> 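Let me give you the structure first, and then I'll get to my questions.
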Protein chains: 2
Amino acid sequence: MNIRKENSTNNINEIYWKENCGIGFTLSLIGGRWKINILSYLLNEEKLRYSELKNRLIGISERMLILKLKELEQDKLINRIVHPEVPPKVEYELTELGQSFREILILMDKWGEKNLKK
Amino acid sequence: MNIRKENSTNNINEIYWKENCGIGFTLSLIGGRWKINILSYLLNEEKLRYSELKNRLIGISERMLILKLKELEQDKLINRIVHPEVPPKVEYELTELGQSFREILILMDKWGEKNLKK
DNA sequence: TATGGTACTAACAAAATAGTACGTATGAAT
DNA sequence: ATTCATACGTACTATTTTGTTAGTACCATA
């Protein structure tokens, strides 16, 4: 899905920090442009359809949305719920693991809101 | 220092989320491969020289270290203290703003340590 | 038969981030 | 005169991330 050069310095570094440092591991799951926003919306609204996420994540391309949803699913932070209907209906929700980010997300949001508008 | 295309979608998106969302703002300051580790070491050890940071941040290149230190300095998260000596001695420490990340860093570390080794 | 809405996929291209290799200044010690 | 340590700077390249465009499948409805 996302091809990485196995033995690039970049990749080696990422793996090292992921495996040897809590913060590194955490950041590897929620870093990047969109993931944390996805988690945040799901935290507030419980369950959202693909299209609903797309509307909330202003500026995101479909490719990015799918990509990030897949990564989050692989990392067991969200569940994908398919309703066998036409037109298709797919919903996303946080797993328990995903929910366990709550505190961190809230803190990050608070910190940001406070320091953003100073 | 870091040339960004002003009107790339990427840049526009980053700015949008930085300005309109606490989490987006927070992540813009501490996201990426190294920043949060730098902050974390400075949190634990108060004041560190350039070379001390370099030794702790396993795998980092000098270019990246300088780059990230500069960005952190620009964002007012760290202070750069120059001792006019030869050979040079430069120390880095957290500003008050930088220190205010303490809770977030601790939470992220805890979360990571817990879920890393499951 | 044509159109529409939803949730995608895949090929490609642009942009951004990260890494490599080498160079600089200073004065102290050899 | 040469070497050394420290904290950088710069040009270049590789890698990764992000965005663009143009599709697909499904069945329901007009």
Side-chain angles (χ1 to χ4, degrees), chain A residues 1-18 24 27-28 30-38 47-55 57-73 78 80-92, chain B residues 1-18 24 27-28 30-38 47-55 57-73 78 80-92:
Chain A
M1 153 166 50
N2 232 8
I3 308 106
R4 281 190 147 244
K5 289 241 165 166
E6 270 207 39
N7 60 352
S8 68
T9 306
N10 187 322
N11 195 42
I12 290 166
N13 281 340
E14 173 156 12
I15 290 170
Y16 175 84
W17 287 94
K18 215 164 165 168
L27 208 59
S28 77
I30 61 173
R33 170 93 80 258
W34 302 107
K35 282 183 183 178
I36 216 176
N37 293 304
I38 295 174
K47 205 174 277 188
L48 286 171
R49 297 182 66 169
Y50 172 81
S51 54
E52 293 172 325
L53 282 168
K54 194 169 62 141
N55 293 332
L57 295 163
I58 293 175
I60 200 171
S61 65
E62 303 212 38
R63 178 171 134 60
M64 275 298 112
L65 180 50
I66 294 284
L67 199 59
K68 295 305 160 183
L69 286 171
K70 275 195 180 168
E71 290 173 10
L72 290 170
E73 203 193 341
I78 63 173
R80 181 168 175 270
I81 306 155
V82 182
H83 301 269
E85 303 174 8
V86 169
K89 176 172 176 182
V90 178
E91 294 182 304
Y92 294 90
Chain B
M1 153 167 52
N2 231 8
I3 308 108
R4 280 193 145 242
K5 289 243 163 163
E6 270 206 40
N7 59 355
S8 68
T9 305
N10 187 320
N11 195 42
I12 290 167
N13 281 340
E14 173 156 11
I15 290 170
Y16 175 85
W17 287 95
K18 214 166 167 165
L27 208 60
S28 78
I30 61 173
R33 169 94 78 257
W34 301 107
K35 282 184 181 175
I36 216 175
N37 293 303
I38 296 175
K47 205 173 277 188
L48 285 170
R49 297 182 66 170
Y50 172 80
S51 53
E52 293 172 325
L53 281 168
K54 196 170 61 141
N55 293 333
L57 295 164
I58 293 175
I60 199 170
S61 65
E62 303 212 38
R63 178 172 131 62
M64 274 299 111
L65 179 50
I66 294 284
L67 199 59
K68 295 306 159 182
L69 286 172
K70 275 196 179 166
E71 290 174 9
L72 289 170
E73 203 193 343
I78 63 174
R80 180 167 176 272
I81 306 155
V82 182
H83 301 270
E85 300 172 6
V86 169
K89 177 172 175 183
V90 179
E91 294 182 304
Y92 293 90

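Here the structure is a predicted model, which is why all the values come from computation and not from measurement. By convention in this document, chain letters (A, B, ...) are assigned in the order of the sequence lines, proteins followed by strands, and residues within each chain are numbered from 1.
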> Which pair of non-hydrogen atoms, one from B/Lys68 and one from B/Ile38, has the smallest distance, and what is that distance?
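Looks like CB-CD1, 3.8 Å.
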> Would you indicate which nucleotide in D/dT6, D/dG9, C/dA18 comes nearest to any side-chain atom of B/Pro87?
D/dT6
> The side chain of B/Pro88 is closest to which nucleotide in this list: C/dT26, C/dT9, C/dA7?
C/dT26
> What nucleic acid atoms does A/Ser61 come within less than 4.0 Å of, heavy atoms only: base, sugar-phosphate, or nothing?
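Contact class for A/Ser61: base.
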> Of the listed nucleotides (C/dC8, C/dT9, D/dT18), which one gets closest to any side-chain atom of A/Lys70?
C/dT9
> What's the closest nucleotide to the side chain of A/Lys68 if the choices are D/dT18, D/dT15, C/dT6?
D/dT18
> Can you check whether A/Asn13 has a side-chain N or O nearer than 4.0 Å to OP1 or OP2 of C/dA18?
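Negative; the distance criterion is not met.
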> Should B/Ser8 be listed as having a side-chain N or O under 4.0 Å from OP1 or OP2 of D/dT18?
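The answer is no; no side-chain N or O of B/Ser8 sits under 4.0 Å from OP1 or OP2.
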> For B/Glu85, report the nucleic acid contact type (base, sugar-phosphate, nothing); a contact means any heavy atom under 4.0 Å.
nothing
> Does a nitrogen or oxygen in the side chain of A/Tyr50 sit under 4.0 Å from OP1 or OP2 of C/dG5?
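Result: no.
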> For C/dA18 and A/Trp17 - does any side-chain N or O of the residue sit under 4.0 Å from the phosphate oxygens OP1/OP2?
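Checking C/dA18 against A/Trp17, no side-chain N or O comes under 4.0 Å of OP1 or OP2.
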> Identify the two heavy atoms, one from A/Tyr92 and one from A/Ile78, that lie closest to each other, and give their separation to 0.1 Å.
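Of all heavy-atom pairs spanning A/Tyr92 and A/Ile78, the closest is CD2-CD1, 3.8 Å.
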> Any base atoms under 4.0 Å from B/Lys54, or only sugar-phosphate, or nothing? Heavy atoms, all strands.
nothing
> Looking at A/Glu91, A/Glu62, A/Arg80, A/Lys89, which one forms a side chain to side chain donor-acceptor pair (under 3.5 Å) with A/Tyr50?
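The passing option is A/Glu62.
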> I need the B/Leu27 CG to B/Lys35 NZ distance, nearest 0.5 Å.
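Taking CG in B/Leu27 and NZ in B/Lys35, the distance rounds to 10.0 Å.
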> Kindly say whether, by distance alone, the side chain of A/Arg49 makes a donor-acceptor pair under 3.5 Å with the base of C/dA7?
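Per atom types, no contact qualifies.
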> What's the closest nucleotide to the B/Ser51 side chain, out of D/dG9, D/dT15, D/dA7?
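Comparing D/dG9, D/dT15, D/dA7 against the side chain of B/Ser51, the answer is D/dA7.
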> Side-chain N or O of A/Arg80 versus OP1/OP2 of C/dC8: is the shortest distance under 4.0 Å?
yes
> So which nucleotide from C/dT26, C/dG19, C/dC8 ends up closest to the side chain of B/Met64?
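Among C/dT26, C/dG19, C/dC8, the one nearest the side chain of B/Met64 is C/dG19.
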> Go nucleotide by nucleotide along DNA chain D from the 5' end; which of A/Gly32 and B/Glu91 gets its closest nucleotide reached first?
B/Glu91
> With rounding to the nearest 0.5 angstrom, report the NZ to CD distance, A/Lys18 to A/Glu14.
5.0 Å
> Check every atom of D/dG19, D/dG9, C/dT20 against the side chain of B/Arg63 and return the nucleotide holding the closest atom.
C/dT20
> The side chain of A/Val86 lies closest to which of these nucleotides: D/dG9, D/dC26, D/dG19?
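Of the candidates, D/dC26 comes closest.
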> Hey, is the main chain of B/Gly59 close enough, under 3.5 Å, to the side chain of A/Asn13 for a donor-acceptor pair?
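Answer holds: yes.
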> Please compare B/Gly59 and B/Glu6 by the position of their nearest nucleotide in DNA chain C and report the one closer to 5'.
B/Glu6
> Is the phosphate of D/dT15 approached by A/Thr9 (side-chain N or O, under 4.0 Å from OP1 or OP2)?
no
> Would you mind reading off the distance between B/Leu67 atom CG and D/dC12 atom P, rounded to a whole angstrom?
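Rounding to the nearest Å, CG of B/Leu67 and P of D/dC12 are 18 Å apart.
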> Please pick, from D/dA7, C/dA16, D/dT16, the nucleotide with the shortest atom-to-atom distance to any side-chain atom of A/Lys5.
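Of D/dA7, C/dA16, D/dT16, D/dT16 is nearest to the side chain of A/Lys5.
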> When the nearest nucleotide of DNA chain D is assigned to A/Asn10 and to B/Glu52 on a heavy-atom basis, which residue is associated with the more 5' position?
B/Glu52
